[in-house]
Q: 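Take a look at the following structure, please.
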Amino acid sequence: MPPRQEHNQRPRIRTLNDPPRLGEAGPPGRGHSDRRQHSAPRHNAASDRKFYKEGSLTGHEPHGHSKALKRDTVYYVPLGGLEEVGRNCSFFEYNDEIVIIDMGIQFPEEETPGVDWIIPNTKYLEKKKKNIRALLITHGHYDHFGAIPYVLERLGNPPIYGTRLIREIIQKRLSEMPNVPKMRFIEIKSHDKVKLSEHFTAEFFGVSHTVPDTTGVALHTPAGIMVHFADFRLDYDQEDTVQNLREFERLSGLGVHTLFLDSTNADFSGHSVSERTVEANLEASFREAKGRIILSTFSSMITRMAEIVKIAEKIGRKVVINGRSMKDNLEIARNLGYIKYKPGTLIQVEEINKYKDDKILILSTGAQGQENSGLMRIANSEHKHIHIKLGDTIMFSSSVIPGNERGVQTLKDNFTRQGAIVITNNDLDIHSSGHAPGDDLAMVAKICKPKFIIPIHGFYFKRAANIQNMKQIGIGKERIILMDNGQIAELGKNSVIITDKTVDAFYVMVDGLGVGDVQEVVLRDRRMLSQDGIFVVIAAVDSKTGQVKGSPDIISRGFIYLKESHELLAHTRHLVKRVVEESTNKMHPINYTHVRDNVRERLGSYLFQKTNRRPMVLPVIIEV
């Protein structure tokens with residue numbers, strides 16, 4: 001294995017105090033004084049905004065109301081992507097014209113148990129769906145387009161602009177969803193200039209990323225040219241010479257009002273690792289591996305997958321694809337000519353045992369440790385055809401999304417215990433991020449010469465890192481605008497002002513076929529169940545006398561083990577019987593809601609006194 005090159009991206013230690021969030025107003029506290037301190041996670045202001053319904057323009061907006069936006073003014077509103085990884089979505093508005101950029105999903109968090117996806121809140125846009133002139137999709141990653149099936153009809157099925165690769169990927173996704181309208185797609189290419197409406201014109205340009213056909217947008221507005229880079233990086237050759245700066249130089253000639261700058265890696269110094277270096281390291285590692293190679297990456301990293309298939313052909317290994325989304329994307333990319341390989345290079349997973357181990361390369365989804373992914377099923381010996389053998393080489397050719405560290409670590413542990421050799425990007429440069437680090441961002445800003453910079457795509461700390469990045473090229477922090485999701489910025493010809501107005505940007509959860517029907521109260525119940533479990537007590541009550549018939553039944557899940565808690569259960573049954581009969585004494589007719597509430601309150605206090613835990617108590621009173 002070749003030695004690992006010194007990585008250019010290093011965390012920068014900063015002493016800069018984060019400036020206050022403009023216009024930030026947190027919700028009232030939700031804590032309960034009798035609740036154990038560790039039983040519910042602490043929420044900072046950003047966390048509260050995920051679920052809290054603030055007063056905003058999303059509600060009623062009568063004509064002439066003081067909350068209404070001014071006419072003949074350009075506004076910019078981020079709906080997601082500024083306080084999380086994913087859910088990228090923002091829009092520009094001028095009078096009766098709205099242009100949306102991206103509509104992505106976000107992976108669920110620890111605070112959202114059981115949720116499939118989190119999507120942008122489109123309530124404000126739904127109210128003004130007749131004004132939506134375009135939905136621009138910058139590239140084919142789910143965190144930029146994945147929410148389209150869930151919001152397309154709600155937004156009035158606006159025209160979608162994107163490249164042919166985006167068209168095919170979205171169409172495939174829409175075909176899997178029930179009751180979604182047929183999309184109106186307008187295909188664009190780099191350097192196309194499209195008049196979207198009377199006052200908005202979009203000029204598209206290509207940028208480098210991990211998926212082909214990624215496009216930035218220069219949006220011509222009455223206030224000036226707003227340049228949105230999407231996700232991007234700079235290309236370097238193996239001698240660390242930067243390539244293809246012509247697009248940025250051309251933008252400089254247009255006169256840029258504001259750069260909307262990808263900040264995913266803004267807190268790292270240096271520049272991007274060359275993709276040529278990654279290719280060379282992958283090939284060297286492939287040649288050194290004695291057994292099977294199982295390589296995992298994102299299913300949407302089409303450029304990387306094309307490189308891997310090309311290297312596998314070169315060294316005589318057959319490629320097995322493990323993961324439906326990866327198979328779909330490879331098929332789309334091949335049909336469009338982005339990936340080329342010889343017949344017989346790809347084989348079905350059922351054929352894996354027909355070849356020697358040193359002739360097999362398995363390309364799998366699941367590099368983030370997702371519970372039901374292809375890689376996790378292999379690690380847990382749940383895959384029908386692929387089982388880990390001594391000497392297998394497992395390679396993670398991707399970066400870890402914040403929040404997924406534990407799942408990835410579990411994967412690495414499981415593979416190592418089974419005798420596999422695990423290689424990550426920390427051992428060798430086998431992954432180049434699709435996001436430019438701080439020094440590259442400064443280089444781009446220096447070339448483009450914007451009046452203002454609005455950092456996007458990243459947590460607040462990462463976006464604030466651009467204050468230091470831009471200081472080295474003479475851009476003061478007064479020209480760097482740090483926004484939060486839902487804030488409204490007023491864009492003048494020579495100004496960017498964050499107003500005191502907001503739109504709803506709290507989480508909208510997708511759970512199964514339900515969109516937005518999982519509210520904070522549901523998540524709170526799920527978190528409580530995961531922390532202290534559930535305790536169900538069932539009592540039959542004589543409707544005439546109010547007496548409990550027989551002994552109450554008890555069901556416990558995640559709270560106590562019934563077979564080892566006889567004394568507690570005996571006292572609990574006695575307490576329930578006493579509370580019910582006290583509550584029904586001289587009550588005709590019996591108010592069963594009052595009885596249930598009394599049982600819940602008294603039993604909850606008793607269980608907390610005896611166990612220092614608060615399960616969810618569900619009393620069931622049956623009238624007989």
Side-chain angles (χ1 to χ4, degrees), residues 27-43 47-48 50-53 108-116 118 371 506-514 516-541 548-584 590-623:
R30 299 196 195 89
H32 301 287
S33 58
D34 63 341
R35 186 91 170 125
R36 285 178 301 121
Q37 185 158 348
H38 72 271
S39 63
R42 289 180 177 268
H43 295 287
S47 178
D48 284 332
K50 297 174 183 178
F51 308 107
Y52 181 60
K53 296 178 173 60
E109 302 175 333
E110 185 177 349
E111 296 173 297
T112 58
V115 169
D116 296 327
I118 304 168
E371 185 175 351
F506 56 85
Y507 279 3
V508 174
M509 268 73 74
V510 177
D511 191 357
L513 296 178
D517 56 353
V518 177
Q519 303 294 337
E520 166 61 4
V521 63
V522 177
L523 293 177
R524 188 168 61 245
D525 285 347
R526 290 181 181 180
R527 289 195 292 269
M528 184 181 295
L529 289 170
S530 70
Q531 292 162 7
D532 291 331
I534 187 171
F535 194 84
V536 182
V537 58
I538 305 168
V541 178
V548 176
K549 289 196 167 187
S551 178
D553 289 330
I554 292 174
I555 301 172
S556 174
R557 292 292 183 272
F559 173 55
I560 57 172
Y561 185 43
L562 296 180
K563 291 183 178 181
E564 297 180 356
S565 307
H566 297 294
E567 184 178 353
L568 178 64
L569 294 178
H571 286 121
T572 298
R573 289 188 173 96
H574 178 73
L575 174 64
V576 170
K577 187 174 182 178
R578 187 174 77 243
V579 172
V580 170
E581 294 177 354
E582 288 176 357
S583 300
T584 59
I590 296 174
N591 184 337
Y592 288 99
T593 300
H594 174 70
V595 175
R596 280 196 299 270
D597 289 344
N598 281 350
V599 172
R600 181 184 296 108
E601 182 178 348
R602 296 274 296 277
L603 182 55
S605 298
Y606 173 76
L607 293 175
F608 179 71
Q609 178 186 354
K610 293 298 182 180
T611 67
N612 203 33
R613 283 177 281 167
R614 283 194 183 275
M616 179 180 288
V617 176
L618 294 180
V620 179
I621 307 299
I622 300 174
E623 179 184 4

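This structure is a prediction, so every number in the text was calculated from the model and none was measured.
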Q: Using only atom types and a distance under 3.5 Å, with no angle test, would you say the side chain of R596 pairs donor to acceptor with the backbone of P619?
A: no
Q: Has E582 got more than 12 heavy atoms of other residues, nucleotides or ligands less than 6.0 Å from its CD?
A: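 More than 12 within 6.0 Å, yes.
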Q: Hey, could you give me the CD1/CD distance between I590 and E623, rounded to the nearest 0.5 Å?
A: 7.0 Å
Q: Between atom CD1 of I118 and atom CZ of F506, what is the distance when rounded to the nearest 0.5 Å?
A: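 One finds 13.0 Å between CD1 of I118 and CZ of F506.
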Q: If we only count heavy atoms from C-beta on, is the V617 to L607 side-chain gap below 4.5 Å?
A: yes
Q: Roughly how far, to the nearest 0.5 Å, is CZ of F535 from CZ of R614?
A: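 One finds 14.5 Å between CZ of R614 and CZ of F535.
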Q: Who are the salt bridge (Lys or Arg N to Asp or Glu O under 4.0 Å) partners of R600, not counting sequence neighbours?
A: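 With neighbours one apart ignored, the set is D597.
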Q: Within the structure provided, determine whether V537 and V599 are in side-chain contact (heavy-atom separation under 4.5 Å).
A: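 SC-SC contact between V537 and V599 confirmed.
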Q: So how far is it from I534 CD1 to R557 CZ, rounded to the nearest 0.5 Å?
A: 9.5 Å
Q: Can you give me the closest heavy-atom contact between V548 and E581, atom names plus distance?
A: N-OE2, 3.2 Å
Q: Less than 4.5 Å apart, side chain to side chain, heavy atoms only: is that true for H571 and K610?
A: no
Q: Are the side chains of L618 and I555 in contact, using a 4.5 Å heavy-atom criterion?
A: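 They are not in contact (no side-chain heavy atoms under 4.5 Å apart), so the answer is no.
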Q: Considering only heavy atoms from C-beta outward, does the side chain of L568 approach that of Y606 to under 4.5 Å?
A: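 Side chain of L568 against side chain of Y606, heavy atoms only: contact under 4.5 Å found.
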Q: Do I554 and V576 have side-chain heavy atoms sitting under 4.5 Å apart?
A: no
